[in-house]
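Source: prediction; values computed, not measured.
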Amino acid sequence: MLYRPLGRTGYQVSQLGFGAMHLPMAGTTSESPVDRELAVPMIRRAFDLGVNYIDTAVGYCNQDSQGAVGEALKGYRDRIVVSTKNPDYGEDEKAWWTNLENSLERLQVEYIDIYNHHGINWKLYTEVIEPRIGKWMAKAKDQGLI
């Protein structure tokens, strides 16, 4: 496996990452969960083969991707760079923190390595993220949560 620096983060990540947007599902309805018997071994196999970067998000796989990734991370966390996203751009700081706390719980981790803004554009960045949400992210970083 080839590894490269991830920007200025200090992380060395595999050129091939694991995107957990589409995992095997246990059903076809909008409430169907991820099929853990298929997904967890698949993710762990990628880890065993040298993939050390995984990306997920709150809304992926009927909002169950983070839970499946969390199960797969057991025994691997110390060598995997975990990336996820917070989709909240509202004015309620508590709601934003709740999203972060829920992600930490679902992923079963103490901290998230790469915490992204999900689906933004320049206007959203300059009007919402930079003046408000960026401060919340800096606070979470200072607390060691991201």
- Task: Treating Ile, Leu, Val, Met, Phe, Trp and Tyr as nodes and any side-chain heavy-atom pair under 4.5 angstrom as an edge, say whether L104 and V69 lie in one connected cluster.
- Result: yes
- Checking side chain to side chain contact (heavy atoms under 4.5 Å, CB included) for the pair V81/T9: CA distance, chi angles, key distance, verdict? CA-CA 11 Å; V81 176; T9 65; over 6 Å; no
- Query: Does a side-chain N-to-carboxylate-O contact under 4.0 Å join K94 and D88?
  - Reply: no
- Residue E37 excluded, over 12 heavy atoms near CD under 6.0 Å: no
- Message: Can you see whether W97 engages E101 through a side-chain donor-acceptor pair at a distance of less than 3.5 angstrom?
- Response: no
- Message: In this structure, would V128 and W96 fall into the same cluster of hydrophobic residues linked by side-chain contacts under 4.5 Å?
- Response: yes
- Item | Short side-chain to backbone donor-acceptor contact, Y89 and I133, under 3.5 Å | no
- Message: So which atom in C61 and which in A20 form the shortest heavy-atom distance, rounded to 0.1 Å?
- Response: SG-O, 3.8 Å
- Task: Identify the heavy atoms of V51 and F18 that sit nearest to each other, and give their distance.
- Result: CG1-N, 3.9 Å
- Would the number of heavy atoms belonging to other residues, nucleotides or ligands and lying under 6.0 Å from CD of E130 be above 12? yes
- Message: Working note: M42 + L23, criterion side chain to side chain contact (heavy atoms under 4.5 Å, CB included); need CA distance, chi angles, decisive distance, verdict.
- Response: CA-CA 9 Å; M42 180 174 61; L23 296 172; 4.1 Å; yes
- Message: Is there a side chain to side chain contact (heavy atoms under 4.5 Å, CB included) between D64 and R36? Walk through the geometry before answering.
- Response: CA-CA 10 Å; D64 195 32; R36 301 293 202 279; 2.5 Å; yes
- Message: For residues L49 and V82: do they belong to one hydrophobic cluster (side chain heavy atoms under 4.5 Å, members Ile, Leu, Val, Met, Phe, Trp, Tyr)?
- Response: no
- Item | Donor-acceptor contact below 3.5 Å, side chain N62 vs main chain S32 | yes
- Task: Say whether I114 and I80 are linked into one hydrophobic cluster, either directly or through other cluster members, by side-chain heavy-atom distances under 4.5 angstrom.
- Result: no
- Message: If you compare all heavy atoms of E127 against all heavy atoms of P131, which two are closest, and at what distance to 0.1 Å?
- Response: O-CG, 3.3 Å
- Task: Go through the steps for S103 and N86 under the test side-chain hydrogen bond (donor to acceptor under 3.5 Å, both in side chains), then give the verdict.
- Result: CA-CA 8 Å; S103 290; N86 191 327; over 6 Å; no
- Out of curiosity, I120 CD1 to H118 NE2, how far, rounded to the nearest 0.5 Å? 10.5 Å
- Note on the structure: Output for pair (L100 CG, I112 CD1), nearest 0.5 Å, gives 5.5 Å
- Where is the tightest heavy-atom contact between L107 and L73, given as atom of each residue plus distance? O-CD1, 4.0 Å
- Query: Going through the distances and angles, do Y3 and N52 end up as a side-chain hydrogen bond (donor to acceptor under 3.5 Å, both in side chains)?
  - Reply: CA-CA 9 Å; Y3 298 88; N52 73 341; 5.6 Å; no
- Answer whether the closest heavy-atom distance between the side chains of V34 and M25 falls below 4.5 Å. yes
- Taking all non-hydrogen atoms of both residues into account, name the closest pair between G119 and L124 and its distance. O-CD2, 4.4 Å
- side-chain hydrogen bond (donor to acceptor under 3.5 Å, both in side chains) evaluation trace for D48 with Y76: CA-CA 9 Å; D48 290 339; Y76 292 86; 2.8 Å; yes
- Query: OG1/T56 to CZ/R106 distance, rounded to the nearest 0.5 angstrom?
  - Reply: 9.0 Å
- Can I129 be reached from M137 by stepping across I, L, V, M, F, W or Y side chains whose heavy atoms are under 4.5 Å apart? yes
- Nearest-0.5 Å distance, CD1 of residue I146 to NZ of residue K141: 8.0 Å
- Between D55 and K85, is there a donor-acceptor pair closer than 3.5 Å when you use the side chain of the first and the backbone of the second? no
- How about Q143 and Y111: do any of their side-chain heavy atoms sit closer than 4.5 Å? no
- Least distance between heavy atoms, A68 atom then V40 atom: O-CG2, 3.9 Å
- Message: Rounded at 0.5 Å granularity, tell me how far OG1 in T84 sits from CG in D113.
- Response: 11.0 Å
- Message: Using 0.5 Å steps for rounding, measure from the OG atom of S65 to the CE atom of M21.
- Response: 10.0 Å
